[in-house]
Each structure stands twice: as C-alpha cells, then as structure tokens.
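Input: a single structure, listed below in structure tokens.
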Amino acid sequence: MNGHDERQGLERLGALGVLLALVALWWVASNAGWVSRVFLPTPQATFASLREGLNLSGEGGGELLAFTGATVGRMVQGWLLASLAGVLLGAAIGVSPPVRAWVQPTLEFVRPLPASALLPLAISIFGLNPGMVLFVVAFGAMWPVLLATVHGFAAVEPRLAEVARCLQMSRAAYVWKMGLPNAMPDILAGMRLALTIALIVAVVGEMIASQSGLGQAILLAARAFRASELFAGIVLLGLIGFASNALLAQAERRLLRWQQP
C-alpha cells in the first residue's frame, strides 16, 4: 500500500469516527433526557421507524419506500433536464465571446434567485401537479451546470480556436471535438452541485405543492409530532445525497481518467 492509499484509508477512518461520535452524542442526548423525545427521538426509535417504513422487516408498512422512489425519481428527472439544458445553453453562450459579454450580466442577475421563491409563480402557471415541481427542480438545478459550462468554454486555450480555424472546422465540430472535452471538468463539477440542488428543491416542492415524496412525509410527520418518522425521513435524505454524490464522483473519475498523469 502506497502513501496515497494509506492517506485515503486514514481519511475514511476519520470520517467514520466523526459519524459514530455524532450518533453517540445523539444517543446520549436523547436517552439522558437532555432534549425531549417529542423533538429528539432516540436512534433506536428512528431506525425502527426507518426499518418499518422501508418494509425491511417484511411485516407491512413500506410507505417510506414509495416516498423515497418518488423523490429520487423527481430529483433525477429534474437533474437530467437541468444538465441537458445547462450544457446546451452554456455551450451556445460560452463558445462566442460577444454573446458571453451580452448575456453574462443577465445570468448573474437571475442566478441568485432561489428556485423555491418561484414556486408560487410556477403554481399559478402549471397548477399543483408533478410537472410543476419537475419544472422548478430543473430550473433551480440548471444554473450551476449552465455557469460551469460557460466558464469551461471561456477557459479553452485560444490556440485551439486558431487550430480549428486553420482546419476549417465548423462551429459544431469545434464544440464537440475541442470545446466540450476541455470544458468537461467544469461541467461535471457543476453537475455534482446541481444534483444536490435538485434534491433540495424536490423536497421543498413536495412540501409546498403537497406532492407525494419524502418532503411531504417529513412535513406530515412534523405536524403530527411523530419525531421518529421525521428523523427517519431526514436520515433517508442524507443517504440519498451521500449515495448520489458518491456515484457521480465515481463517474467523474472514470470520465476524466484521460487527464490523470
């Protein structure tokens, strides 16, 4: 085992140690009565609700499993739409310096707007339906991909553009063969950030628009003071975020292997 592998192993052990310490603190705080169990359930009760909700015991239940599938599906669909739109628009803007100069101020004006603030507008246009939530998820998640794509194309080595002109390459060929490979690290970084935003906006949209999913399940559990079910939903959201980020990071390493020495 070389030094890099040893360092990675120590980092993973450290991360696991921090997680176990937080769970231990949670166990002590809930069992010792530092915080009322109405608001902070024990880890045992939370994982019991998680097990029942996912029907891991085979004794009925399983509502959380259906809610999880709805939220993950909404997140992935919105993320895919956001990634496609962000890359296409970002490439169209980033490949042309004049267009970048004209559009950049508008992008910087619209980018800080939180997607959740557009939910009332989206409800008035689309109504309370799954398509409305999907639109808001895609809109909110598009901006990291769009801006990362614009930055990636703007940072392409100018001599590559000169080579493309000498070879009489079309604009589409330049984008596909030179621009996109050079912008790929920025695009993938934007897509990883967009995936997190897609999950957050999907949950908020489910809460506000009363759509089936983990957001609605968490909101209903909070209103009924079912703390263990509420925390079970939060744990599931954390697991979804961790797993999706890990999968995308692995895909990013594979796609960018050609950059490694």
Side-chain angles (χ1 to χ4, degrees), residues 19 22-27 29-31 34-57 59-80 82 114-123 126-141 192-248:
L19 178 61
L22 290 175
V23 173
L25 179 62
W26 175 16
W27 184 89
S30 57
N31 283 279
W34 295 354
V35 182
S36 172
R37 293 188 183 180
V38 175
F39 305 105
L40 182 66
T42 63
Q44 307 94 292
T46 298
F47 290 115
S49 294
L50 190 61
R51 184 179 181 185
E52 179 183 355
L54 295 177
N55 197 22
L56 298 179
S57 59
E59 299 177 357
E63 294 87 357
L64 273 181
L65 190 60
F67 289 146
T68 302
T71 298
V72 170
R74 199 167 282 123
M75 175 191 74
V76 172
Q77 291 177 41
W79 175 72
L80 289 175
S116 56
L118 297 176
L119 277 168
L121 176 62
I123 291 173
F126 299 101
L128 289 173
N129 56 62
M132 181 276 298
V133 180
L134 183 61
F135 167 79
V136 177
V137 171
F139 179 83
R192 287 181 65 179
L193 180 58
L195 191 60
T196 302
I197 295 175
L199 176 59
I200 295 171
V201 178
V203 172
V204 173
E206 290 165 357
M207 289 180 175
I208 295 178
S210 299
Q211 297 297 311
S212 177
L214 283 176
Q216 186 185 53
I218 290 172
L219 184 63
L220 293 177
R223 288 175 175 174
F225 292 96
R226 298 194 300 267
S228 62
E229 295 180 17
L230 186 152
F231 272 69
I234 293 173
V235 169
L236 269 178
L237 287 178
L239 291 174
I240 292 170
F242 177 81
S244 58
N245 183 72
L247 288 173
L248 198 55

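Fair warning: this is a prediction, and the values are worked out from it, not measured in the lab. Each residue takes its place number in the sequence, starting with 1.
Side-chain atoms of Glu206 do not come within 3.5 Å of backbone N or O of Val204 as any donor-acceptor pair. The backbone N or O of Gly241 sits nowhere less than 3.5 Å from a side-chain atom of Asn245 that would complete a donor-acceptor pair. Listed for the Trp79 side chain is no donor-acceptor partner under 3.5 Å among the backbone atoms of Ile197. Side-chain atoms of Thr71 come within 3.5 Å of backbone atoms of Leu214 as a donor-acceptor pair (strictly under, hydrogens ignored).
Residues Thr42 and Ser30 bring no donor and acceptor atom of their side chains to less than 3.5 Å of each other.
From Leu121, atom CG reaches atom CZ of Phe126 across 8.5 Å, with rounding to the nearest 0.5 Å. Note that CG of Leu64 and CG of Leu236 are 5.5 Å apart. Values are rounded to the nearest 0.5 Å. Considering CE of Met75 and OG1 of Thr196, their distance stands at 9.0 Å, rounded to 0.5 Å. Going from atom CG of Leu25 over to atom CH2 of Trp34 covers 6.5 Å, rounded to the nearest 0.5 Å. Rounding to the nearest 0.5 angstrom, the gap separating the CD atom in Gln44 from the OG atom in Ser49 is 11.5 Å. Interatomic distance, Gln216 CD to Gln211 CD, rounded to the nearest 0.5 Å: 8.0 Å.
Here salt bridge (charged side-chain N to carboxylate O under 4.0 Å, His left out) pairs that include residues 228-240, with residues two or more places apart or in two chains, are Arg226-Glu229. Residue pairs that meet the ring pair (Phe, Tyr, Trp, His ring centres under 6.0 Å) test with at least one member in residues 204-229, sequence neighbours left out, do not exist here. Within the structure, no pair that satisfies the salt bridge (charged side-chain N to carboxylate O under 4.0 Å, His left out) test touches residues 230-247, not counting sequence neighbours.
Of all non-hydrogen atoms in Ala194 and Ala141, the two that sit nearest each other are CB-O, 3.1 Å. Here the closest non-hydrogen pair linking Arg74 and Ser212 is NH1-O, 3.0 Å.
Two residues are said to be in side-chain contact when any heavy atoms from C-beta on lie closer than 4.5 Å; Val201 and Phe139 fail this criterion.
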Original post:
How far apart are the C-alpha atoms of Asn31 and Arg37, what are their side-chain angles, what is the distance that settles it, and do they pass the side chain to side chain contact (heavy atoms under 4.5 Å, CB included) test?
Top reply: CA-CA 8 Å; Asn31 283 279; Arg37 293 188 183 180; 3.6 Å; yes
Original post:
Could you go step by step and tell me if Leu237 and Ile218 meet the side chain to side chain contact (heavy atoms under 4.5 Å, CB included) rule?
Top reply: CA-CA 10 Å; Leu237 287 178; Ile218 290 172; 3.5 Å; yes
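Among residues two or more places apart in sequence or in another chain, the side-chain contact (heavy atoms from CB on, under 4.5 Å) test is passed with Gln77 by Leu134. Scanning for ring pair (Phe, Tyr, Trp, His ring centres under 6.0 Å) contacts around Phe39 gives an empty result, with sequence neighbours left out. Every residue was checked against the side chain to side chain donor-acceptor pair (under 3.5 Å) condition with Asn129, not counting sequence neighbours, and none meets it.
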